[in-house]
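Take a look at the structure set out below.
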Amino acid sequence: MCGIAGIVSHQNVNQELYDALTVLQHRGQDAAGIITCDEGRFYLRKDNGLTRDVFSNKQMMKLRGTMGIAHVRYPTAGCSSSAEAQPFYVNSPFGLTLAHNGNLTNSEELKKQLFMDDQRHLNTDSDSEILLNIFAHELQQLGKLRINADDVFQAVSAVHRRCRGAYAVTVMIAGFGVLAFRDPHGIRPLVFGERKTKNGSDFMVASENVALSVLDFDLIRDVEPGEAIFIESTGVLHTKQCSDVVDHCPCIFEYVYFARPDSIIDDISVYKARLRMGETLADKVLRIWPDHDIDVVIPIPDTSRTSALQMAYRLNVKFREGFMKNRYIGRTFIMPGQQMRKKSVKQKLNAIDLEFEGKNVLLVDDSVVRGTTSEQIIQMARDAGAKKVYFASAAPPVRYPNVYGIDMPVVEELIAHNRTEDEVGVAIGADKMIYQDLQDLIDAVQKGNPKIKHFDTSCFNNEYITGDIDKEYLERINSLRNDGAQSDRNDDNFIIDIQNAV
């Protein structure tokens, strides 16, 4: 999962792009990058690390220009080398730079096409670089020295025909403007907004609308699945549907975990969706365990807090904050490497003993993926004096890998794979395990926007909406995603980075 942003303004955009990345930091903590354009020349800074660590005052001053794009990254099947930090750049045609959130499912096929047919060179393992070169090739095929918005949209249509998977993309064309487009399924989120000034309108695109809000942009709407918007450097906005076939199917895990609770994605409030998840989960507890002996509901910070609060209200039991969080430790789910995740859990949370001592506690989390974090937290609760520790997940059991941009591990590393819900409870050390039912999760999210008929729920039910995922594909990504493979690949000494950072 990554976060992207792009701005076309009447003033320098370096500080605003930086501010956007800090708001989107929850979407990726592995790397950050900003590229701006001034009088046809690009100015780039990107590196591994958090936004605040990648950019110094001196480097920010060098990022000149009134338009630019930005990216925060966490690695999926690729390595976490700085060579794969975004945005990516190619000089032909015109000078293009791209930032991408998602994952292409036909990347191997596209790699061969780019080498054999398009004669374009790839320098990383990132499918974002593939996407950039596909777009660059299609734009170059038009054979024009000067292009217009319709030419850009024609190239996007060709990208949709060639590429499969999930992609929310922003592209900057040197001296011309900023483009944003979304895959025909709309799997990954993308919004755009406007800010009126005395000099005219500024425009912004971002993964989540909260990035627009903090910069005083008014949300216009979500970019539709298959749609592209293009903002000329002069501030003229163009929009066009560029896909012949559209099947809106957003990723439901955005609402469960990734998105900020104050975001609205595809007209669905993430906060309200999580409230409804808590309600339906509480209803399940009352249905299957009417004589429960829960004394207190305690959330595992931070994502589950909204669902846990509503769950406690519905169950008519106390809600308490039982864990204090060190806010300087990142999100453990998106940290590369199991050893790093284990270490960070102990650094991140500390139990408040008086909230646990002698009580039957229900711990609530947004989801359970590997189960390692859950096991450690349950043990923390017992060490703090809890009499019994029950565990509830606002999401159903995660039993299958996600192939659309979320780095869920190989199936053997998923705690719920080939286990019943009760067996998961035993494995993580809980006295009782309660999972959300899949249909209840879908209903909780869909209620916010009934126009969306279905969601990507592949990590729960093994149904992949792009229709191109088979056993061979899953085995290949398994070999790339296991923790041992990622550790072997995270060595910058074997990567040649020909991109020049400021």
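Since the structure is predicted, the reported quantities are computational estimates derived from the model, not experimental observations. Index from 1, following the sequence.
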Would you compute the distance between atom CZ of F460 and atom OH of Y435 and round it to the nearest 0.5 angstrom?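 So the gap between those two atoms works out to 10.0 Å.
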
Salt bridge flag under 4.0 Å for residues [X] and [Y]:
X	Y	value
D437	K284	yes
E224	K240	no
R195	D216	no

Is any side-chain heavy atom of [Y] closer than 4.5 Å to one of [X]?
X	Y	result
D247	P184	no
L122	N133	yes
I415	R370	no

How are the rings of Y255 and F455 set to each other: parallel, tilted or perpendicular (split at 30° and 60°)?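 Aromatic pair Y255/F455 classed perpendicular.
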
Residues that [X] engages under salt bridge (charged side-chain N to carboxylate O under 4.0 Å, His left out), provided they are two or more places apart:
X	answer
E227	R221
R260	D262
D283	R314
E321	R305

Using a 3.5 Å distance criterion without hydrogens, assess whether the side chain of [X] forms a donor-acceptor pair with backbone atoms of [Y].
X	Y	value
N106	C163	no
D47	V54	no
S157	C242	yes
K432	F391	no

Who pairs with E208 by side-chain hydrogen bond (donor to acceptor under 3.5 Å, both in side chains), at least two apart in sequence or on another chain?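 Checked E208 against side-chain hydrogen bond (donor to acceptor under 3.5 Å, both in side chains); matches are H26, R27, S263.
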
Counterpart residues, side-chain hydrogen bond (donor to acceptor under 3.5 Å, both in side chains), relative to S269 (two or more places apart):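 Not a single residue meets the side-chain hydrogen bond (donor to acceptor under 3.5 Å, both in side chains) criterion with S269.
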
Is it the case that the side chains of Q59 and S56 hold a donor-acceptor pair, with the cut-off being a distance below 3.5 Å and no angle test?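 Yes, side-chain donor-acceptor contact under 3.5 Å.
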
What about the rings of H100 and F135, do their centers lie closer together than 6.0 Å?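 H100 vs F135: aromatic centres not under 6.0 Å.
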
Closest heavy-atom pair and its distance - [X], [Y]:
X	Y	result
V245	S243	O-OG, 2.8 Å
T36	L63	OG1-C, 3.3 Å
D456	C249	N-SG, 3.2 Å
F323	P299	CD1-O, 3.8 Å

Does OH in Y271 sit with more than 12 non-hydrogen atoms of other residues, nucleotides or ligands closer than 6.0 Å?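 For Y271, atom OH is not crowded (no more than 12 foreign heavy atoms under 6.0 Å).
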
Please determine whether the number of non-hydrogen atoms from other residues, nucleotides or ligands lying under 6.0 Å from atom OH of Y313 exceeds 12.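 Count not over threshold, so no.
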
Checking side-chain contact (heavy atoms from CB on, under 4.5 Å) between I231 and each of L237, L179, D202, which is the one that passes?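 Only match with I231 under side-chain contact (heavy atoms from CB on, under 4.5 Å): L237.
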
Of the options K453, K451, R188, R182, which is the one that meets D266 in a salt bridge (Lys or Arg N to Asp or Glu O under 4.0 Å)?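 The salt bridge (Lys or Arg N to Asp or Glu O under 4.0 Å) with D266 is passed solely by R182 among K453, K451, R188, R182.
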
